Protein chains: 2
Amino acid sequence: MSEKGRIESASEATTLRLSLLLRCVRTLDAAGVRTISSSALAERFGLNSAQIRKDLAMFGEFGVRGVGYHVTELMSRLKEVMGLDRTRVVVIVGAGNLGQALADSRNFNGEGFTVAALFDVDGRKIGGRSRTVVLIRDASGIPVDAQQIGAEIGILAVPPDAAVAAAEALARGGVRAILNFAPVTVPPISDVIVKNMDLSFFLEGLSFQLARM
Amino acid sequence: MSEKGRIESASEATTLRLSLLLRCVRTLDAAGVRTISSSALAERFGLNSAQIRKDLAMFGEFGVRGVGYHVTELMSRLKEVMGLDRTRVVVIVGAGNLGQALADSRNFNGEGFTVAALFDVDGRKIGGRSRTVVLIRDASGIPVDAQQIGAEIGILAVPPDAAVAAAEALARGGVRAILNFAPVTVPPISDVIVKNMDLSFFLEGLSFQLARM
DNA sequence: TGCTGTGAAACCGTTCACAGCT
DNA sequence: AGCTGTGAACGGTTTCACAGCA
């Protein structure tokens, strides 16, 4: 038994696969499956068994030789590894279509996350609430409010020219990770994880593939 | 002069970088910059000059030795390579928060794309319109309507249990590429490019990184 | 026997460094 | 001289294949 496997790497791709794996394991758990081998997992969800084992091995020894993985245990270990065993407070800047969509999304209010506030500059929106009753606050109060709310993660759903300033405001409010959906690159901010994620890139990716067929 | 460089690979990562590069080049063009070298591009936008050259070389010879790249030409060549020199018709299934957000988004109605229809199963929504006047149609008509509209790309913004059926309906309607935002994996469909893109994976990725600091 | 965990091999993408064109 | 385009070196990730444990 090794002492908690090395976590030197943990690449982007690995992270994505862990999320996918967690989803698969949740599905199995909901279906009442108790135990599953890496190859059964792979076959059932179109993955690669060796890769599953390698990914998991990176964080310790999760399985039982000759048997496979215990579904409920695997699920809770995965949540732990991914930091989903606690609830992180999320705030969203930009109460437009996208911002409200995310605020009300089951995915963003499920296990591991709660959306605690929306921020906007539009006086007509401030003081209102999203469908799931998230309060819309004045964006000028971001640093103070984020701090007070205890926000750890911020999401940018603002127009491109407002993104960088909003990111900095969030950082001042103690937010430690930012997911930016605005179509500009928010440059690195010290002590903050910034993930730029322009949705139109996915559409362009499809267009690119369609163009060469 | 080589005859249009080999396109054997064109990986996911390359595609994403091309989108990013196009955005950078647009910025330069808007700023009136006429000519730029790969190293200047790299420095200005935090990229890697060798990688820019490699990425571009994959699709032909774009630059001028001793000078760099002509901004407007690079921009149009990139659009061409990515299939953005024509407008593709996009339809969105699911007229909930996210579907409407995407339908109205500048990004999804910019160069290269037009959102031509929304589909939903909710009778109260059918016949209505999004803020930017995209008509909401009955989801049961997807195969017929998508065909008639000439949709090439479909976006799934539906609940998880509706995603696979919606994808199949789109495929029957002649849609050749599908972007799935629902938190389930839509399995491969023959002759259709399927891109599964659960937004909560990005949040989980941040949580994962926060968990190990 | 059956499956995990893991070194070793194969593969792929990135970075380097320079030949060659302008 | 300056910068592109590219073969070669490098580093990282994926796949293979098996030793070792239940």
Side-chain angles (χ1 to χ4, degrees), chain A residues 1-21 24-25 28 33-71 73-74 77-78 81 205 208, chain B residues 1-21 24-25 28 33-71 73-75 77-78 81 205:
Chain A
M1 172 81 73
S2 73
E3 92 301 355
K4 191 112 174 236
R6 300 288 106 245
I7 307 160
E8 344 79 15
S9 46
S11 72
E12 185 84 358
T14 309
T15 317
L16 229 69
R17 283 198 303 267
L18 288 178
S19 287
L20 190 55
L21 193 57
C24 298
V25 172
L28 291 173
V33 177
R34 297 303 206 80
T35 270
I36 192 152
S37 68
S38 60
S39 49
L41 250 173
E43 195 172 337
R44 183 125 182 227
F45 298 100
L47 312 171
N48 175 310
S49 66
Q51 195 158 58
I52 292 171
R53 294 198 300 277
K54 263 268 153 75
D55 284 347
L56 293 177
M58 196 171 260
F59 304 100
E61 311 209 338
F62 289 57
V64 184
R65 288 164 200 243
V67 178
Y69 300 89
H70 200 66
V71 172
E73 198 206 320
L74 181 53
R77 298 289 294 273
L78 272 175
V81 161
F208 177 84
Chain B
M1 173 82 73
S2 73
E3 90 301 356
K4 192 105 172 251
R6 301 290 105 242
I7 305 160
E8 345 79 16
S9 47
S11 73
E12 185 85 358
T14 309
T15 317
L16 229 69
R17 284 198 302 267
L18 288 178
S19 286
L20 190 56
L21 193 56
C24 298
V25 172
L28 291 173
V33 177
R34 299 301 207 84
T35 271
I36 192 151
S37 68
S38 59
S39 49
L41 250 173
E43 195 172 338
R44 185 124 181 225
F45 298 99
L47 313 171
N48 174 310
S49 65
Q51 195 159 57
I52 292 172
R53 295 199 298 277
K54 263 266 153 74
D55 284 346
L56 293 177
M58 197 171 259
F59 304 98
E61 310 211 337
F62 289 55
V64 182
R65 287 163 201 246
V67 179
Y69 300 89
H70 200 66
V71 173
E73 198 206 319
L74 181 54
M75 189 166 65
R77 298 289 295 274
L78 273 175
V81 161

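Letters go in sequence order (proteins before strands), and every chain restarts at 1. Quick caveat: nothing in here was measured; it's all calculated off a predicted structure.
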**Study point:** Presence of A:Tyr69 side-chain N/O under 4.0 Å of C:dG2 phosphate oxygens OP1/OP2
**Key:** no

Practice item. Take A:Asp55 and B:Gly68, find for each the nucleotide of DNA chain D with the closest heavy atom, and name the residue whose nucleotide sits nearer the 5' end. Key: B:Gly68

Can I get a per-line list of side-chain donor-acceptor pairs under 3.5 Å for residues 37-46 of chain B, giving both atom names and the distance, sequence neighbours left out?
from	atom 1	to	atom 2	distance (Å)
B:Ser37	OG	B:Ser39	OG	3.2
B:Ser37	OG	B:Ala40	N	3.1
B:Ser38	OG	B:Arg53	NH1	3.0

**Study point:** Separation of D:dT4 C1' from B:Leu56 CG (nearest whole Å)
**Key:** 10 Å

**Study point:** Spacing of CD belonging to B:Glu12 relative to CZ belonging to A:Phe208, to within rounding of 0.5 Å
**Key:** 10.5 Å

**Study point:** Side chain to side chain, B:Ser11 and B:Thr14, heavy atoms closer than 4.5 Å
**Key:** yes

Review point. Between A:Val71 and A:Thr35, which heavy-atom pair has the shortest distance, and what is it?
Key: CG2-N, 3.8 Å

Check your understanding: With side chains defined as the heavy atoms from C-beta onward, is the minimum distance between A:Gln51 and A:Asp55 less than 4.5 Å?
Key -> yes

Point to revise | Side chains of B:Ile36 and B:Val25 in contact at under 4.5 Å (non-hydrogen atoms) | key: no

Review point. Any idea which of D:dG5, C:dG5, C:dG13 is nearest the A:Glu61 side chain?
Key: C:dG5

Point to revise | Atom pair distance, as rounded to whole Å: CD in B:Glu12 and C1' in C:dG13 | key: 14 Å

Practice item. Decide yes or no, distance alone: a donor-acceptor N/O pair under 3.5 angstrom between the base of C:dT22 and the side-chain of B:Arg65. Key: no

Review point. How close or far is atom C1' of D:dG12 from atom CE of A:Met58, stated in whole angstroms?
Key: 11 Å

Review point. If you look at every strand shown and take non-hydrogen atoms under 4.0 Å, does A:Ser38 touch a base, only sugar-phosphate, or nothing?
Key: sugar-phosphate

Review point. Roughly how many Å is it from CZ in B:Phe59 to C1' in D:dT6, rounded to a whole number?
Key: 16 Å

Revision key, fill the gap. With the side chain defined as heavy atoms from C-beta on, B:Ser37 is closest, among D:dT4, C:dT14, C:dT4, to D:dT4

Check your understanding: In Å and rounded to the nearest 0.5 Å, what is the CG to CZ distance from B:Leu56 to B:Phe62?
Key -> 6.0 Å

Study note, to complete from the structure: Residues in residues 42-54 of chain B with a heavy atom under 4.0 Å of DNA chain D, by number, are B:Arg53, B:Lys54

Review point. When we call it a touch if two heavy atoms are under 4.0 Å apart, what does A:Thr14 touch: a base, just sugar-phosphate, or nothing?
Key: nothing

Review point. Rounded to whole angstrom units, what separation is found between the CG atom of A:Leu16 and the C1' atom of D:dT14?
Key: 16 Å

